[in-house]
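For this chain, numbers begin at 1 and follow the sequence in order. Only heavy atoms go into these numbers, but all of them, side chains included; no hydrogens, no water, no symmetry mates.
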Amino acid sequence: GAVWEQAAADLLRREGYVIFEKNYICRAGEIDIVAGDGDTLCFVEVKYRKSNKYGGSVEAVGASKQNTIRRAALDYLARRNIAEDIQCRFDVVGFDFGSPVLIKNAF
């Protein structure tokens with residue numbers, strides 16, 4: 001976990017993101033990274049796979065995980081009193097065999 005989340009945060013910074021928070025945890029679930037990309041608030045899931053035996057890292061963010069992240073994002077917005085009209089996006093940073101891939105607007 002933490003090593004790949006730090007690598008993802010480093011990648012996001014290189015891409016111009018501003019990291020606001022890591023490992024936001026609430027009753028609904030967890031968000032690995034909350035970041036800004038321009039005027040968009042991004043909720044970023046980080047996944048690592050050392051083999052593709054069970055599929056790649058990005059494919060591991062299935063419907064159930066997506067729903068958990070959505071619920072956690074709603075909690076984050078409410079607890080931080082963030083305006084309802086702010087633009088939000090869900091991104092995924094996947095690491096397959098150590099190589100990163102950033103998927104913007106993944107779901």
Side-chain angles (χ1 to χ4, degrees):
V3 169
W4 299 108
E5 288 174 6
Q6 184 59 51
D10 294 342
L11 170 69
L12 293 171
R13 283 188 192 97
R14 285 193 304 274
E15 292 290 323
Y17 288 59
V18 176
I19 306 301
F20 297 135
E21 193 163 344
K22 292 189 218 174
N23 298 312
Y24 176 76
I25 299 172
C26 64
R27 292 174 113 188
E30 178 186 1
I31 300 170
D32 293 327
I33 299 172
V34 181
D37 182 20
D39 62 354
T40 302
L41 183 62
C42 302
F43 300 98
V44 183
E45 176 68 6
V46 178
K47 282 290 182 191
Y48 167 75
R49 290 287 183 261
K50 59 183 171 185
S51 80
N52 62 1
K53 182 177 180 180
Y54 299 106
S57 58
V58 174
E59 292 84 14
V61 185
S64 177
K65 184 64 174 176
Q66 291 174 21
N67 287 331
T68 298
I69 296 167
R70 283 186 188 105
R71 286 191 303 272
L74 288 172
D75 184 271
Y76 181 88
L77 293 170
R79 288 181 186 266
R80 299 295 189 268
N81 294 316
I82 296 173
E84 292 180 15
D85 61 346
I86 191 164
Q87 186 173 348
C88 295
R89 185 174 78 215
F90 296 94
D91 295 351
V92 174
V93 175
F95 292 90
D96 292 308
F97 316 108
S99 298
V101 62
L102 168 60
I103 307 294
K104 294 183 178 186
N105 205 23
F107 58 92

Chemist: For Thr68 versus Ala28, what's the shortest heavy-atom pair and its separation?
Modeler: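 Scanning both residues, the minimum pair turns out to be CG2-O, 3.4 Å.
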Chemist: Do Tyr48 and Asp96 get their side chains close enough for a donor-acceptor pair, meaning under 3.5 Å?
Modeler: no
Chemist: Find the distance between CD (Glu21) and CD1 (Ile19) and round it off to the nearest 0.5 Å.
Modeler: 11.0 Å
Chemist: Donor-acceptor check, side chain of Asp75 to backbone of Cys26, threshold 3.5 angstrom: yes or no?
Modeler: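 The answer is no, because no donor-acceptor pair under 3.5 Å joins these two groups.
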Chemist: Nearest 0.5 Å please: distance from the CG atom of Leu102 over to the CD atom of Glu15.
Modeler: 6.0 Å
Chemist: What closest approach, in Å, do Ala9 and Lys22 show between heavy atoms, and which atom pair accounts for it?
Modeler: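 Minimum heavy-atom separation between Ala9 and Lys22: CB-CE, 4.1 Å.
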Chemist: How are the rings of Tyr24 and Tyr76 set relative to one another: parallel (under 30°), tilted (30 to 60°) or perpendicular (over 60°)?
Modeler: perpendicular
Chemist: Applying side-chain contact (heavy atoms from CB on, under 4.5 Å) to Asp91 and Ile103, what does each step give before you reach the verdict?
Modeler: CA-CA 6 Å; Asp91 295 351; Ile103 307 294; over 6 Å; no
Chemist: Look at Asp10 together with Arg14 and state whether they make a salt bridge at an N to O cut-off of under 4.0 Å.
Modeler: no
Chemist: How many angstroms lie between atom CZ of Phe20 and atom CD1 of Ile82, to the nearest 0.5 angstrom?
Modeler: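 Rounded to the nearest 0.5 Å, the CZ-CD1 separation comes out at 8.5 Å.
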Chemist: Could you tell me whether a side-chain N or O of Asp32 sits under 3.5 Å from a main-chain N or O of Val46, the two making a donor and an acceptor?
Modeler: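 Yes, Asp32 side chain to Val46 backbone: donor-acceptor pair under 3.5 Å.
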Chemist: Report yes if some heavy atom in the side chain of Leu41 is under 4.5 Å from a heavy atom in the side chain of Arg89; otherwise report no.
Modeler: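 No - every pair of side-chain heavy atoms lies 4.5 Å or more apart.
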Chemist: Before you tell me yes or no, could you show the steps for Val44 and Leu12 under side-chain contact (heavy atoms from CB on, under 4.5 Å), namely the whole-Å CA-CA distance, both residues' side-chain angles and the distance that decides it to 0.1 Å?
Modeler: CA-CA 10 Å; Val44 183; Leu12 293 171; 4.1 Å; yes
Chemist: Honestly curious: do Ile86 and Val18 fall in one hydrophobic cluster under the side-chain, below-4.5 Å linking rule?
Modeler: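 Yes: a chain of side-chain contacts under 4.5 Å links Ile86 to Val18.
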Chemist: Minimum heavy-atom separation for Gln66 and Val61, please, with both atom names.
Modeler: NE2-O, 2.9 Å
Chemist: For a quick test of reading the model, state the closest non-hydrogen atom pair linking Ala8 to Phe95 and the distance between them.
Modeler: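 That closest heavy-atom pairing would be N-CZ, 3.7 Å.
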Chemist: Would you indicate whether the side-chain heavy atoms of Phe107 and Arg70 approach each other to under 4.5 Å?
Modeler: yes
Chemist: Could you give the distance from CG (Asn23) to CD1 (Ile33), rounded to the nearest 0.5 Å?
Modeler: 8.0 Å
Chemist: Can you name the closest pair of heavy atoms from Val92 and Ala106 and give their distance?
Modeler: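 Looks like CG2-CB, 3.6 Å.
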Chemist: Any chance you could measure Asp37, atom CG, to Asn105, atom CG, to the nearest 0.5 Å?
Modeler: 11.0 Å
Chemist: Does any part of the side chain of Cys42, heavy atoms only, come nearer than 4.5 Å to the side chain of Phe90, both counted from C-beta?
Modeler: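 Heavy-atom side-chain distance check fails, nothing below 4.5 Å.
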Chemist: Drop me the distance from Lys104's NZ to Thr40's OG1, to the nearest 0.5 angstrom.
Modeler: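 Here the rounded value is 9.0 Å.
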Chemist: Quick one: do Lys65 and Glu45 make a salt bridge, cutoff under 4.0 Å?
Modeler: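 Yes.
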